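One structure is given below, encoded as structure tokens.
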Number of protein chains: 2
Amino acid sequence: MISQSRNSEKEKELLSAALELFVAYGFHGTPTSKIALQAGVANGTLFHYFKTKDELVLALYVDIKQKMSTYLEEHVLPETTLAGKFRAIFTNSMQWALANKTSFQFLQQFQTSPYLSRISPEETLGQVKDHLMLIQLAVDEGFFKPKPPELILTMVMGHIFGLFQYLCSSDFTNDEQNKVIEQGFEMLMAMLK
Amino acid sequence: MISQSRNSEKEKELLSAALELFVAYGFHGTPTSKIALQAGVANGTLFHYFKTKDELVLALYVDIKQKMSTYLEEHVLPETTLAGKFRAIFTNSMQWALANKTSFQFLQQFQTSPYLSRISPEETLGQVKDHLMLIQLAVDEGFFKPKPPELILTMVMGHIFGLFQYLCSSDFTNDEQNKVIEQGFEMLMAMLK
DNA sequence: TTCTTGATTGACTAATCACTCTACAAATGT
DNA sequence: ACATTTGTAGAGTGATTAGTCAATCAAGAA
């Protein structure tokens, strides 16, 4: 219905404005008034959609996490082989991060901030469970070295963060970017196999 | 002199209190009044040592960076071989991070925050110049794969961050920790050689 | 039409914050 | 001894903030 789409629109505007401002000025460094202003709504409207500022921060985190997960699922599910799945997870994570730099920066910022503790351990676990299972499978089949899956996962994520920072630090053409991602994946595999 | 040592003491107290509170509640989430309280000094005293809150944040960053650098230099300089130097850099970075978790967490938080832009590029470059030169040397000698040193450096740092998070996520004995660090180094070398 | 419900507004408030200011104490220099 | 600088305190201030509230507005239901 029309009214609902209006609702979502303003909510989306608020989330989008919050994302930009949070990355630029930090969570506490961004007043709700500025968020409302940039979203083009009144002060009070923000609190109609989000009871508190904290709730807005958490909602933004969940929203971004979900968008990235959806993107990854779409691109990984079609892959049939283990190697194909890992390549898809890695390259598409990088592609998404580079295509959504602000969102990815927000994730980094959030995950190293005290806000992270507001996310329940179950929810955190749920987000990585699938990946852990896939890694376990790869270990069982001798595709990866026999290491704890959690160790492998954190290393892969560290790898992705590092590569992201490298690709953001200077200007690359799309071709160069893809080449670096490709090489980064090969190096990662050299480490894990 | 006595007065100077008193000065340093209060300044250190303030930096130490700020560190704990920043990691627990974030930069803007920590009022200067609470910092002064925890440091055991009056409100105004904080502003005698640091003109503004921002200056305190930056001073804390510089202080921690310098402590880590000093620690690394001490342990890396004695090494004579390339392999020895890299192993020393890696393992001692991990050791320092685990022995100074809060400090290391602060570095992570700071480096993913908008505050990072307050640090001049020259200063940032100065901090990594030595490492970049060492990597370049290793590439020239065929010790590492022929990749841009910046790429190798960000990957190593991503590796360290990942390993740090893994070792913080659950309880390990010292022996287990050292084993993981050792293995982590071997894997890193497998990737870079 | 009339009623109801939810969206929207922006002025308002109580609390909090970074920072100042004045006064005083302690150390240092001469 | 005296003067000067430096450290310390904590009440005070003006600005800012998250969140509230009473008042409209829009739109569908009866």
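Worth saying up front: this structure is predicted, and the values here are computed from it rather than measured. Throughout, protein chains are lettered first and strands after them, A, B, ... in sequence-line order, and every chain is numbered starting at 1.
- Separating the NZ atom of A/Lys10 from the C1' atom of C/dA7 is a distance of 8 Å, rounded to the nearest angstrom.
- Checking the phosphate oxygens (OP1, OP2) of C/dA7, no side-chain nitrogen or oxygen of A/Thr45 falls inside 4.0 Å.
- Taking side-chain N and O atoms only, B/Lys51 has no distance below 4.0 Å to OP1 or OP2 of C/dC19.
- Remark: P of C/dT9 and CD of A/Glu13 are 12 Å apart, rounded to the nearest angstrom.
- The separation between B/Leu37 atom CG and D/dT8 atom P is 16 Å, rounded to whole Å.
- Under the rule for a salt bridge (charged side-chain N to carboxylate O under 4.0 Å, His left out), A/Asp130 has no partner lying at least two apart in sequence or in another chain.
- Remark: B/His48 is not in phosphate contact with D/dT8, judged by side-chain N or O atoms under 4.0 Å from OP1 or OP2.
- Protein atom CZ of A/Phe50 is 15 Å distant from nucleotide atom P of D/dA18, rounded to whole Å.
- With ring centers used as reference points, B/Phe27 lies under 6.0 Å from B/Phe106.
- By the salt bridge (charged side-chain N to carboxylate O under 4.0 Å, His left out) test, A/Glu186 is found to be paired with A/Arg87, residues two or more places apart in sequence or in another chain being considered.
- Distance, A/Ile35 CD1 to C/dT9 C1': 18 Å, rounded to whole Å.
- When the side chain to side chain contact (heavy atoms under 4.5 Å, CB included) test is applied to A/Glu141, the partners found at least two apart in sequence or on another chain are A/Leu82, A/Leu137.
- Residue A/Tyr49 places at least one side-chain N or O closer than 4.0 Å to OP1 or OP2 of C/dT8.
- For A/Phe172, the ring-ring contact (aromatic ring centres under 6.0 Å, His included) partners at least two apart in sequence or on another chain are A/Tyr166.
- Taking atom CZ on B/Phe47 and atom C1' on C/dT20, their separation rounds to 9 Å, with Å as the unit.
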Give me, pair by pair, the N or O atoms of the protein and of nucleotides 12-17 of chain C that are less than 3.5 Å apart, along with how far apart they are.
none

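- For the salt bridge (charged side-chain N to carboxylate O under 4.0 Å, His left out) test, residues two or more places apart in sequence or in another chain that qualify with A/Lys67 are A/Asp63.
- The side-chain contact (heavy atoms from CB on, under 4.5 Å) test with A/Phe86 singles out one residue from A/Leu192, A/Leu134, A/Val156, and that residue is A/Leu134.
- Distance B/Leu46 CG to D/dG7 C1': 14 Å, rounded to the nearest Å.
- Look at CD on A/Glu55: it is 15 Å from P on D/dA18, rounded to the nearest Å.
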